Amino acid sequence: MLTTLRELAEAETKNFELSTGALGPSIGILNAFEKAYGSLPPLVSLPEGGLESDETMAVYAVLHELAFCRRQLTMSVLTLLRAYQGDAMLHLRRAIEACAFAVRMNKHHEVVRAWLSASDDDAAYERYRGAFRTKDLFPNANHPDHDPVLTELKSHYDQCSKLMHGSIFGMGGHFEYPDSSGVSFQVKFFDLAPDHSLIVVLYLILASHRQFLQLFGNMLRPYNGEAMDHWMTELKPVQLMLDVYREDWKRHIPNPVGVRNDAASL
């Protein structure tokens with residue numbers, strides 16, 4: 001039973017070693033995704049007009065959302081490899097929302113001002129909320145901004161959102177019952193099940209980020225088209241690599257059964 005932060009940190013390290021050991025060289029695909037994220041911003045040429053231009057500020061905001069998505073990629077995979085399944089999906093949820101924010105500001109440059117001033121006061125925060133409503137971030141087929149990619153990402157977003165709250169979805173993986181009475185229970189720090197959950201969640205994370213990168217490339221193409229076309233050409237092998245690894249994972253890699261799943265008795 002884990003009782004101290006040091007013991008928890010040691011268990012996390014053990015879980016990380018088991019997870020990366022099970023994945024083997026295929027874990028290197030994360031580096032390929034991170035490299036794709038990192039190589040995109042230097043290619044962008046900001047439009048003329050400086051900070052007075054809504055378009056310039058929108059591009060600048062999109063680059064910030066891109067950088068945040070790259071951060072959330074690393075955090076979600078790192079969290080998953082430490083055997084925190086639900087927490088990994090919360091990092092993914094934040095990334096999906098950041099990408100959707102970027103798409104909206106890219107299409108409607110004027111809303112960037114509401115995004116920038118959201119912390120000014122309560123009224124500014126309400127204007128920000130009105131500019132970034134869920135129905136506008138993930139527009140359905142009847143919305144003028146409808147994008148099938150965002151619709152698919154919304155399904156991932158909803159899946160992740162179920163784990164945010166104190167519902168059975170968010171709490172179910174964190175409890176176990178040592179006897180048939182159902183009265184006593186234990187709280188588990190690690191909720192990664194001893195099945196194929198590792199590869200299922202890892203693929204969901206990477207497949208989502210594959211879509212993010214495609215969207216960001218399209219958003220930023222007007223700001224250095226030739227370089228962006230070259231970047232998107234180089235992105236294709238990374239995208240295809242994920243499909244190759246997916247098939248390999250399905251055949252050969254079970255979830256590392258040895259992950260620590262110590263519980264605190266209540």
Side-chain angles (χ1 to χ4, degrees), residues 32-76 91-140 143-154 156-157 208-236 238-239:
F33 272 78
E34 290 175 330
K35 182 179 178 181
Y37 267 114
S39 62
L40 182 52
L43 303 178
V44 176
S45 298
L46 291 176
E48 296 180 0
L51 300 185
E52 298 303 314
S53 162
D54 283 350
E55 182 181 12
T56 299
M57 289 309 303
V59 174
Y60 199 52
V62 166
L63 290 172
H64 277 72
E65 300 288 7
L66 182 149
F68 188 72
C69 284
R70 184 252 183 265
R71 187 259 183 192
Q72 294 307 111
L73 167 65
T74 303
M75 288 303 302
S76 58
H91 286 299
L92 174 59
R93 182 188 184 277
R94 297 184 75 189
I96 294 171
E97 188 171 70
C99 183
F101 268 58
V103 172
R104 178 146 178 79
M105 287 187 283
N106 178 69
K107 288 184 176 180
H108 302 279
H109 298 154
E110 69 280 2
V111 301
V112 71
R113 300 297 174 178
W115 181 79
L116 283 168
S117 62
S119 63
D120 287 355
D121 51 42
D122 291 343
Y125 182 69
E126 289 304 315
R127 286 194 296 272
Y128 150 78
R129 291 185 63 189
F132 293 93
R133 299 174 299 180
T134 300
K135 67 178 183 179
D136 295 322
L137 291 173
F138 301 102
N140 63 28
H143 195 290
D145 293 337
H146 174 65
D147 184 332
V149 176
L150 286 176
T151 298
E152 183 175 353
L153 288 173
K154 177 61 163 58
H156 299 174
Y157 180 86
S208 297
H209 281 273
R210 175 168 62 181
Q211 292 173 306
F212 301 162
L213 288 166
Q214 190 73 35
L215 287 170
F216 279 114
N218 290 333
M219 282 185 268
L220 296 171
R221 179 180 272 117
Y223 306 103
N224 195 342
E226 184 176 347
M228 216 62 63
D229 288 342
H230 179 70
W231 177 85
M232 295 189 79
T233 298
E234 292 189 331
L235 179 64
K236 289 180 181 178
V238 178
Q239 295 173 321

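Since the structure is predicted, the reported quantities are computational estimates derived from the model, not experimental observations.
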Practice task
With side chain to side chain contact (heavy atoms under 4.5 Å, CB included) as the test, would you mind laying out the steps for F138 and H143 before giving the verdict?
Solution key: CA-CA 9 Å; F138 301 102; H143 195 290; over 6 Å; no
Problem - Pair V149-E152, side chain to side chain contact (heavy atoms under 4.5 Å, CB included): steps then yes or no - result: CA-CA 5 Å; V149 176; E152 183 175 353; 5.8 Å; no
Practice task
Before giving the answer on side chain to side chain contact (heavy atoms under 4.5 Å, CB included), spell out for L153 and L215 the whole-Å C-alpha distance, their side-chain angles and the decisive distance to 0.1 Å.
Solution key: CA-CA 11 Å; L153 288 173; L215 287 170; 3.9 Å; yes
Practice task
Would you check, one step at a time, whether the test side chain to side chain contact (heavy atoms under 4.5 Å, CB included) holds for N140 with K154?
Solution key: CA-CA 10 Å; N140 63 28; K154 177 61 163 58; over 6 Å; no
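At a threshold of 4.5 Å between non-hydrogen side-chain atoms, the residues Q211 and H156 count as touching. Between V62 and L220, some side-chain heavy-atom pair lies under the 4.5 Å cut-off. Inter-residue side-chain proximity for Y37 and H209 is flagged as met; some heavy-atom pair is nearer than 4.5 Å.
Heavy-atom contacts from other residues, nucleotides or ligands closer than 6.0 Å to CZ of F132 number more than 12. Shown here is H146, whose NE2 atom has more than 12 heavy atoms of other residues, nucleotides or ligands within 6.0 Å. Other residues, nucleotides and ligands place more than 12 heavy atoms under 6.0 Å from the CG atom of D121.
Judged by distance alone, with hydrogens and angles left aside, the side-chain atoms of R221 form no donor-acceptor pair with the main-chain N or O of M228 at under 3.5 Å. A donor-acceptor pair under 3.5 Å is absent between the side-chain atoms of D122 and the main chain of Y125, judged by distance alone. Remark: the backbone N or O of L43 is paired with a side-chain donor or acceptor of N224 at under 3.5 angstrom.
Residues P139 and D145 approach most closely at CG-O, 3.2 Å, considering heavy atoms. Shortest non-hydrogen contact noted between Q72 and A95 is CB-CB, 3.7 Å. Contact record, R210 with F33: N-CE2, 3.7 Å, taken as the closest heavy-atom pair. The two residues V59 and V44 have their closest heavy-atom pair at CG1-CG1, 4.0 Å. W231 approaches S39 most closely through the heavy-atom pair NE1-OG, 3.1 Å. The two residues A124 and S117 make their nearest non-hydrogen contact at CB-O, 3.1 Å.
A distance of 6.0 Å or more separates the ring centres of H64 and F68. Aromatic ring centres of F216 and F212 lie farther apart than the 6.0 Å criterion allows.
Annotation: the span from N218 atom CG to N106 atom CG amounts to 9.5 Å, rounded to 0.5 Å. The line from CG of L150 to CZ of R104 is 11.5 Å long, rounded to the nearest 0.5 Å. Separation of atoms SG (C69) and CG (L92) is listed at 9.5 Å; rounding is to 0.5 Å.
In summary, R129 and E126 engage in a salt bridge, as defined by a charged side-chain N under 4.0 Å from a carboxylate O.
Applying the salt bridge (Lys or Arg N to Asp or Glu O under 4.0 Å) test to pairs two or more places apart or on separate chains, those with a residue in residues 61-70 are E34-R70.
Contacts of E55 classified as side-chain contact (heavy atoms from CB on, under 4.5 Å), with partners at least two apart in sequence or in another chain: P47, S53, H109, Y223.
H230 and E234 form a side-chain donor-acceptor contact under 3.5 Å, judged by distance and modelled atom types alone.
Ring geometry for F101 against Y128 counts as tilted: the plane angle lies between 30° and 60°, on a 0 to 90° scale.
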